[in-house]
Number of protein chains: 2
Amino acid sequence: MTTNLESESPPASRTRILDRAAQLILDKGFAATSMRDIASSVGVKAASLYHHFASKDEIFTAILERGIEVMVTAFEQVEATSTSEAETLLREHVRAHLGSLFEFGPYTAAHVTTFHNAPPVIYDAIVPRRDSYEAMWAGLFDRLEQQGSLNASDTSIARLVLFGGMNSTIEWFDPAGVLTLDDLADMIVDQFWHGVGSANAAHSRRAASGGAR
Amino acid sequence: MTTNLESESPPASRTRILDRAAQLILDKGFAATSMRDIASSVGVKAASLYHHFASKDEIFTAILERGIEVMVTAFEQVEATSTSEAETLLREHVRAHLGSLFEFGPYTAAHVTTFHNAPPVIYDAIVPRRDSYEAMWAGLFDRLEQQGSLNASDTSIARLVLFGGMNSTIEWFDPAGVLTLDDLADMIVDQFWHGVGSANAAHSRRAASGGAR
DNA sequence: CACCTTACCTAACGAATGTTAGGTAGGCCA
DNA sequence: TGGCCTACCTAACATTCGTTAGGTAAGGTG
């Protein structure tokens with residue numbers, strides 16, 4: 001019997017290894033996460049990981065790719081099903097992206113925190129896929145702009161700033177707290193769409209109507 | 001004569017070591033940056049670094065602290081000199097924070113990208129100082145809210161989302177490009193204050209008046 | 001039953017890591 | 001001049017790293 005010292009742990013499938021590794025990488029970063037760390041989190045010895053992956057880089061690459069995959073799937077699902085007008089459509093997309101960060105494992109969160117200083121070999125392998133996700137959002141923003149819904153002096157910058165705001169949530173938002181992801185998406189989109197400066201009359205409604213969707 | 005093999009390089013002062021180390025850490029992360037990496041960037045052998053710092057952790061801690069110091073100084077300078085009303089005051093603060101990220105060495109940039117998964121020892125040593133910087137912004141936002149200038153349903157979240165947007169600029173903004181940091185600050189504050197959704201009439205002015213300040 | 005595959009193991013490899021010991025050479029001050 | 005300090009060096013240390021070699025045992029299949 002393939003003796004399992006950590007008796008609670010299920011067999012070390014590829015998925016399980018990636019799950020644990022992604023969480024560790026999210027917590028400590030890629031370089032600071034050793035194969036022995038990953039192995040012990042899975043309940044296995046380091047050498048055993050090489051039956052499932054050829055190298056540490058392959059694990060890392062798989063995690064970053066899965067992170068994109070989660071985001072792309074979420075995005076496409078909104079595109080496929082939504083019939084909403086501009087602001088609501090954006091709200092659905094923001095909610096979907098937050099979902100990618102919090103609701104489908106640590107992959108997307110690990111991706112957005114680790115990608116920008118990944119080793120060049122890995123970075124280069126991932127960047128095309130990542131660009132294609134960015135292109136989806138760029139396309140969405142272009143559509144919104146062309147239909148006159150979006151009035152930024154630079155659409156790309158508006159999008160990148162929004163993204164920075166969304167991605168930063170993994171550093172401070174607690175999905176188990178009082179606010180739900182729906183609440184958070186509402187707040188982010190309200191801020192993005194209407195602004196939070198007092199010059200805008202549109203805001204009193206939000207303050208009055210409360211958080212829950 | 002303290003023979004210097006890299007003849008172009010000035011003596012390895014504490015500051016010079018921190019400069020180079022911060023840049024490396026910004027590029028590759030803390031764990032992936034070795035003492036030998038830092039030493040060779042400075043033009044010195046690894047052992048020589050221990051004449052200036054007791055350990056790698058001490059270097060890292062000094063960098064993160066310096067990153068905060070830069071931000072705090074920038075913030076306090078605005079507070080001390082500005083007499084502006086709400087929106088302009090915020091604009092000055094945003095511009096100051098962007099300045100910290102781009103104009104005073106790699107310290108603040110290294111801080112914001114590395115802090116959240118620093119080793120616990122370092123994290124714990126830094127977190128009080130960082131909290132105090134956050135408290136400055138929280139205080140600013142409270143004042144704006146109390147004077148009725150700010151209308152977010154949750155002021156903290158509005159602030160954190162803004163911060164995420166600002167800090168993300170180090171991943172995509174090129175200060176040597178067409179846009180200046182002044183331009184960028186304008187765009188970020190316009191987006192934050194007025195929103196970029198078409199429902200807001202306030203925007204046509206920006207689209208018309210162009211980017212440069 | 002014999003045999004293969006799958007999943008794990010122990011043991012070890014060379015390389016890289018942070019760090020220390022101990023030495024050398026120039027500049028400054030008594 | 002002699003001695004100390006500063007700034008660097010070479011060499012080595014123990015440890016940890018990613019990775020490989022080779023073995024064992026369980027479960028399925030002929």
Side-chain angles (χ1 to χ4, degrees), chain A residues 1-22 24-25 27-64 114 117-122 125, chain B residues 1-22 24-25 27-64 114 117-122 125:
Chain A
M1 206 269 301
T2 150
T3 73
N4 213 327
L5 295 181
E6 315 244 331
S7 54
E8 9 66 24
S9 60
S13 61
R14 264 181 85 97
T15 302
R16 210 177 110 79
I17 293 170
L18 290 181
D19 272 345
R20 301 308 191 104
L24 287 169
I25 284 172
D27 292 340
K28 313 199 296 174
F30 173 62
T33 300
S34 70
M35 292 297 271
R36 287 165 179 85
D37 285 341
I38 298 169
S40 107
S41 167
V42 172
V44 121
K45 289 291 168 16
S48 304
L49 297 176
Y50 290 85
H51 266 272
H52 303 273
F53 296 94
S55 66
K56 190 187 178 187
D57 279 9
E58 189 182 300
I59 294 180
F60 194 24
T61 304
I63 288 170
L64 294 186
T114 327
N117 53 2
V121 174
I122 295 174
Chain B
M1 206 266 304
T2 149
T3 73
N4 212 327
L5 296 182
E6 315 243 333
S7 53
E8 8 66 25
S9 59
S13 61
R14 264 182 84 98
T15 303
R16 208 177 111 78
I17 293 170
L18 290 181
D19 272 344
R20 302 307 192 103
L24 287 169
I25 284 171
D27 292 341
K28 312 199 296 174
F30 173 62
T33 300
S34 71
M35 292 298 270
R36 287 165 180 85
D37 285 342
I38 298 170
S40 105
S41 168
V42 172
V44 120
K45 288 293 165 25
S48 306
L49 297 175
Y50 290 85
H51 266 272
H52 303 272
F53 296 93
S55 66
K56 190 187 178 187
D57 279 9
E58 190 182 300
I59 293 181
F60 194 25
T61 306
I63 288 170
L64 293 186
T114 328
N117 53 1
V121 175
I122 295 175

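Quick note on labels: first sequence line is chain A, next is B, and so on, each numbered from 1.
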Between B/Met35 (CE) and D/dA11 (C1'), how many Å, whole number? 17 Å
Would one find a side-chain N or O of A/Ser34 under 4.0 angstrom from OP1 or OP2 of D/dC17? yes
With a 4.0 Å cutoff (strictly under), does any side-chain N or O of B/Ser48 reach OP1 or OP2 of D/dC9? yes
Nearest-Å distance, CZ (A/Arg14) to P (C/dA7)? 12 Å
Using atom CZ of B/Arg16 as one end and atom C1' of D/dT6 as the other, report the distance to the nearest whole Å. 17 Å
Closer to the 5' end of DNA chain D via nearest nucleotide, is it A/Asp57 or B/Arg36? B/Arg36
Out of D/dG18, C/dT19, C/dC9, which nucleotide sits closest to the side chain of A/Val44? C/dC9
Distance in Å, A/Asn117 CG paired with B/Ile25 CD1, rounded so as to fall on 0.5 Å steps: 11.0 Å
For A/Lys45 and C/dA7, what is the distance between atoms NZ and C1' respectively, to the nearest whole Å? 14 Å
Regarding the side chain of A/Ala47, the nearest nucleotide among D/dT20, C/dT17, C/dA12 is D/dT20
Can you check the B/Phe53 CZ to C/dG18 P distance for me, whole Å? 15 Å
OP1, OP2 of C/dG18 versus side-chain N and O of B/Lys56: anything below 4.0 Å? yes
Distance check, rounded to the nearest 0.5 Å: A/Phe53 atom CZ versus A/Leu18 atom CG? 3.5 Å
What is the distance, rounded to the nearest whole Å, between atom OH of A/Tyr50 and atom P of C/dA12? 19 Å
Axial cation check for A/Phe30 ring with A/Lys56, 6.0 Å and 45° limits: yes
Whole angstrom is fine here: how far is it from CG in A/Leu49 over to C1' in C/dT6? 15 Å
Side chain A/Asp37, main chain A/Ser34, donor-acceptor under 3.5 Å: yes
If you measure from CD1 on A/Ile122 to CG on A/Asp57, what distance do you get to the nearest 0.5 Å? 4.0 Å
Between B/Ser55 and B/His51, whichever has its closest DNA chain C nucleotide further toward 5' is B/Ser55
Atom pair distance, as rounded to whole Å: CD in B/Glu58 and P in C/dG18: 15 Å
Under-4.0 Å side-chain N/O to phosphate OP1/OP2 contact, A/His52 with C/dT6: no
